[in-house]
Every structure is written in C-alpha cells, then in structure tokens.
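Just below is one structure, and these are the notes that go with it.
Note on naming: letters A, B, ... go to the chains in the order of the sequence lines (proteins, then strands), and numbering restarts at 1 for each one.
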2 protein chains.
Amino acid sequence: MYLETILVLSHKNAQVRSIDIVDALNFKKSSVSVAMKKLRENGYIEMDGEGYITLTKKGRGIAETMLERHTLISDWLIYLGVDKTIAVEDACRIEHVISPESFEAMKKHVEEAKQ
Amino acid sequence: MYLETILVLSHKNAQVRSIDIVDALNFKKSSVSVAMKKLRENGYIEMDGEGYITLTKKGRGIAETMLERHTLISDWLIYLGVDKTIAVEDACRIEHVISPESFEAMKKHVEEAKQ
DNA sequence: ACTATTAGTTAGGCAAGCCTAACTAATAGT
DNA sequence: ACTATTAGTTAGGCTTGCCTAACTAATAGT
C-alpha cells in the first residue's frame with residue numbers, strides 16, 4: 001500500500017515526502033512516520049537528510065507489482081460496469097490478497113476479453 | 001469465515017460443534033471458542049446445552065453470501081486455469097474484501113463468459 | 001523578535017485475530 | 001475406581017495497523 005503510493009506520487013511529484021503520503025492516504029502523520037521507519041529498516045525505501053523518499057530496487061519491484069495489479073483489477077471492474085470509486089477501493093484490497101498465479105490468469109483473461 | 005464454515009459443515013454433518021470448526025480451519029480450540037462466543041453475543045449463531053451450533057437468520061444470510069462468493073470466485077479462477085488449491089485460497093481472501101457491486105458485476109460476467 | 005504553521009518523531013492505546021498454557025468437566029478404557 | 005481422552009473455557013501474549021497526544025525542529029508571517 002505504502003510502496004505503491006510512493007511509486008504513484010513519484011510519477012507526478014518529482015519528490016516524495018512522508019507528508020505527501022499522509023495526504024494521499026488520509027492517514028495520520030504518526031502512522032506514516034512509523035510505517036516509513038519500518039520500510040527503511042527493511043530496505044524497501046531510502047530517505048535523505050531532508051526526508052525525501054526513494055524506493056530501493058526491492059521496494060520498487062513490489063510497488064510496481066502492486067500498481068500493475070491495482071490498475072488491471074480496477075480497470076477490469078470498471079469495464080464490467082462497476083462504479084469507479086468502488087472499483088478502485090476493491091482493487092486496493094484485492095491486490096493485496098490475490099496470488100501471482102491467479103493474477104496472471106486473470107490478466108491473460110482480461111487481455112483476451114478486451115479485444 | 002467462521003459463518004461460512006459452519007454453513008458448509010452443516011450441509012455434510014447434520015450437527016456442528018466447535019471442534020468440527022477447529023478441524024475444518026486448522027485453528028486452535030481456544031481461537032474457535034472465543035470466536036463462537038463473539039458470534040453468539042452478536043446474534044449470528046446459537047448454541048444449545050450440548051454445544052451444537054446453529055446459524056440464526058442473520059448469520060445464515062452472511063454465510064450464504066460468503067459461500068456464494070467463494071464458490072463463484074474459486075470456480076472462475078479454476079476455469080481460468082488456476083490450480084484448485086490456490087484458487088480456493090484466493091477466493092477465501094477475496095470474498096471478504098470484494099464489494100457487493102463488484103461481486104454482482106463479476107457474477108454477471110462469469111455467467112455470460114461460461115456460456 | 002515572536003508566533004503560527006509545517007514536517008516529523010516517539011509513546012501509548014486499541015481492535016482483530018491468531019497463538020500457548022492452564023484449567024474444568026464429561027466420557028471411555030481397562 | 002483410576003486414567004486418558006475429548007470438548008470447551010479463560011487468561012495472557014504477540015503482531016499488524018491504525019489512532020491520539022505530546023513533543024522537537026525548522027520555516028514563514030507580521
């Protein structure tokens with residue numbers, strides 16, 4: 001969730017700080033601060049002296065996986081007629097629980113169905 | 001999760017006790033005991049003197065919703081070529097996070113696609 | 001200079017949902 | 001009768017992931 005948000009923010013913002021994540025996710029500063037600490041400790045992100053956040057290779061990989069899942073699942077739900085807001089919320093939750101196998105199968109299916 | 005398990009067990013077992021749920025879910029007795037207490041307190045199940053469990057109307061409704069979701073999602077993933085074990089595990093998690101809107105859209109799509 | 005705002009931190013709380021450990025109570029085996 | 005097994009309970013622990021509260025430190029407004 002956090003990694004994906006950082007990736008998305010880095011696309012449109014040039015630089016990403018904790019406060020941007022706070023605004024994006026509507027969480028509290030303290031929650032984000034603690035989460036960033038953990039991501040730092042586990043080597044998913046790096047933070048420079050001014051608090052600017054960059055994804056490590058490891059973190060970027062996960063972020064990209066999540067973003068791909070999110071995009072495909074929400075697009076697909078929207079394509080099926082689901083309201084966009086709901087589709088995005090559902091994709092957000094499904095992307096975290098679906099296995100790589102199921103996602104790949106779904107991806108293949110969606111790509112075929114859309115043609 | 002628990003309600004759905006109770007419904008499935010009641011189909012094949014005539015009577016359902018906590019221990020049956022322990023075996024079905026591979027949880028510990030204490031976890032199931034605590035969970036049953038909460039379900040009882042919130043009016044989802046009833047337990048008689050011998051510990052036999054029945055779903056209330058409220059509990060049955062939720063159990064049936066979950067089971068329908070579970071069945072449709074896992075069947076669909078299997079249909080897409082996902083290994084059955086993985087499909088069932090994924091369905092288990094997705095059924096709890098998908099909205100009614102998305103599920104209905106998906107159901108419609110799956111029914112059409114299968115013909 | 002003084003104050004307000006902004007960014008970030010730590011500490012402690014709380015709920016969910018699992019666990020182990022220690023217990024009661026009833027039934028079954030010999 | 002005594003013991004082992006089976007079913008169930010309570011208490012307390014742990015992790016995740018959010019929260020509020022109280023704090024530091026730096027920047028901006030007048």
Side-chain angles (χ1 to χ4, degrees), chain A residues 1-10 12-55 59 62-63 66 70 88-98, chain B residues 1-6 8-10 12-55 58-59 62-63 66 70 88-98:
Chain A
M1 189 73 260
Y2 284 109
L3 293 174
E4 187 190 338
T5 303
I6 293 167
L7 182 61
V8 171
L9 288 173
S10 74
K12 50 181 176 191
N13 281 2
Q15 275 169 328
V16 182
R17 284 170 313 164
S18 289
I19 193 70
D20 303 318
I21 300 166
V22 167
D23 295 337
L25 295 177
N26 276 307
F27 288 163
K28 297 299 166 185
K29 280 189 301 176
S30 53
S31 305
V32 173
S33 176
V34 171
M36 291 309 110
K37 193 180 174 186
K38 275 185 194 162
L39 291 176
R40 224 184 304 134
E41 286 167 358
N42 293 306
Y44 295 110
I45 63 168
E46 275 166 6
M47 274 171 95
D48 70 14
E50 290 105 289
Y52 290 108
I53 297 165
T54 45
L55 293 165
I62 293 172
M66 287 301 163
H70 182 94
V88 167
E89 284 169 7
D90 280 13
C92 237
R93 292 188 300 265
I94 294 172
E95 74 192 47
H96 295 295
V97 302
I98 197 170
Chain B
M1 189 72 260
Y2 283 110
L3 293 173
E4 189 191 337
T5 304
I6 293 167
V8 171
L9 287 173
S10 75
K12 50 180 173 190
N13 280 0
Q15 276 169 327
V16 182
R17 283 171 313 166
S18 289
I19 194 69
D20 303 318
I21 300 167
V22 168
D23 294 336
L25 296 177
N26 275 309
F27 288 164
K28 297 298 166 184
K29 280 188 302 174
S30 53
S31 305
V32 173
S33 176
V34 171
M36 291 307 110
K37 193 179 174 185
K38 276 185 193 162
L39 290 176
R40 223 185 305 136
E41 285 167 359
N42 293 306
Y44 295 109
I45 62 167
E46 276 167 4
M47 274 173 94
D48 69 15
E50 289 104 288
Y52 290 107
I53 298 164
T54 46
L55 293 164
K58 185 178 162 189
I62 293 171
M66 288 299 162
H70 182 94
V88 166
E89 283 169 8
D90 280 12
C92 235
R93 291 189 301 264
I94 294 171
E95 73 190 49
H96 296 294
V97 301
I98 197 170

Lys58(B), NZ: over 12 other non-hydrogen atoms inside 6.0 angstrom: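 Count over threshold, so yes.
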Complementary nucleotide for [N] - Watson-Crick or wobble, under 3.5 Å:
{"N": "dC23(C)", "value": "dG8(D)"}
{"N": "dC18(D)", "value": "dG13(C)"}
{"N": "dA28(D)", "value": "dT3(C)"}

Closest to the [X] side chain, choosing from [options]:
{"X": "Lys38(B)", "options": "dA7(C), dA16(C), dC19(C)", "result": "dA16(C)"}
{"X": "Val34(B)", "options": "dT10(D), dC19(D), dA7(D)", "result": "dT10(D)"}
{"X": "Phe27(B)", "options": "dT10(D), dC18(C), dT9(C)", "result": "dC18(C)"}
{"X": "Ile19(A)", "options": "dC18(D), dG8(C), dC19(C)", "result": "dG8(C)"}
{"X": "Arg17(B)", "options": "dA7(D), dA7(C), dT9(D)", "result": "dA7(D)"}

Could you give the [atom1]-to-[atom2] distance, from [X] to [N], as a whole number of Å?
{"X": "Ile53(A)", "N": "dT9(C)", "atom1": "CD1", "atom2": "C1'", "value": "14 Å"}
{"X": "Leu25(B)", "N": "dC18(C)", "atom1": "CG", "atom2": "P", "value": "8 Å"}
{"X": "Leu39(A)", "N": "dT9(C)", "atom1": "CG", "atom2": "C1'", "value": "16 Å"}
{"X": "Ile21(B)", "N": "dT6(D)", "atom1": "CD1", "atom2": "P", "value": "19 Å"}
{"X": "Met47(A)", "N": "dA7(C)", "atom1": "CE", "atom2": "P", "value": "13 Å"}
{"X": "Asn42(A)", "N": "dT15(D)", "atom1": "CG", "atom2": "C1'", "value": "14 Å"}
{"X": "Asp48(B)", "N": "dA7(D)", "atom1": "CG", "atom2": "P", "value": "15 Å"}
{"X": "Lys28(B)", "N": "dT9(D)", "atom1": "NZ", "atom2": "C1'", "value": "16 Å"}

Looking at [X], does any N or O in its side chain come under 4.0 Å of the phosphate oxygens OP1/OP2 on [N]?
{"X": "Ser33(A)", "N": "dT9(C)", "value": "yes"}
{"X": "Lys37(B)", "N": "dT10(D)", "value": "yes"}
{"X": "Arg40(B)", "N": "dT9(D)", "value": "yes"}

Spacing of Tyr52(B) atom OH and Arg17(B) atom CZ [to the nearest 0.5 Å]: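 With rounding to 0.5 Å, OH (Tyr52(B)) is 5.0 Å from CZ (Arg17(B)).
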Asp23(B) side-chain N/O to Asp20(B) backbone N/O, donor-acceptor pair under 3.5 Å: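 It does not hold such a pair.
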Full working for side-chain contact (heavy atoms from CB on, under 4.5 Å) between Met66(A) and His96(A): CA-CA 8 Å; Met66(A) 287 301 163; His96(A) 295 295; 3.9 Å; yes
Sugar-phosphate, base or nothing in reach of Ser18(B), heavy atoms under 4.0 Å: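 Sugar-phosphate contact only.
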Sugar-phosphate, base or nothing in reach of Tyr2(A), heavy atoms under 4.0 Å: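 Result for Tyr2(A) = sugar-phosphate.
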Worked check of side-chain contact (heavy atoms from CB on, under 4.5 Å) between His70(A) and Val88(A): CA-CA 8 Å; His70(A) 182 94; Val88(A) 167; 3.8 Å; yes
Ile53(B) and Leu9(B), any side-chain heavy atoms less than 4.5 Å apart: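 Contact flag for Leu9(B)/Ile53(B) side chains = no.
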N/O donor-acceptor pair, side chain Ser30(B) with base dT20(C), under 3.5 angstrom: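 Flag set: donor-acceptor pair detected.
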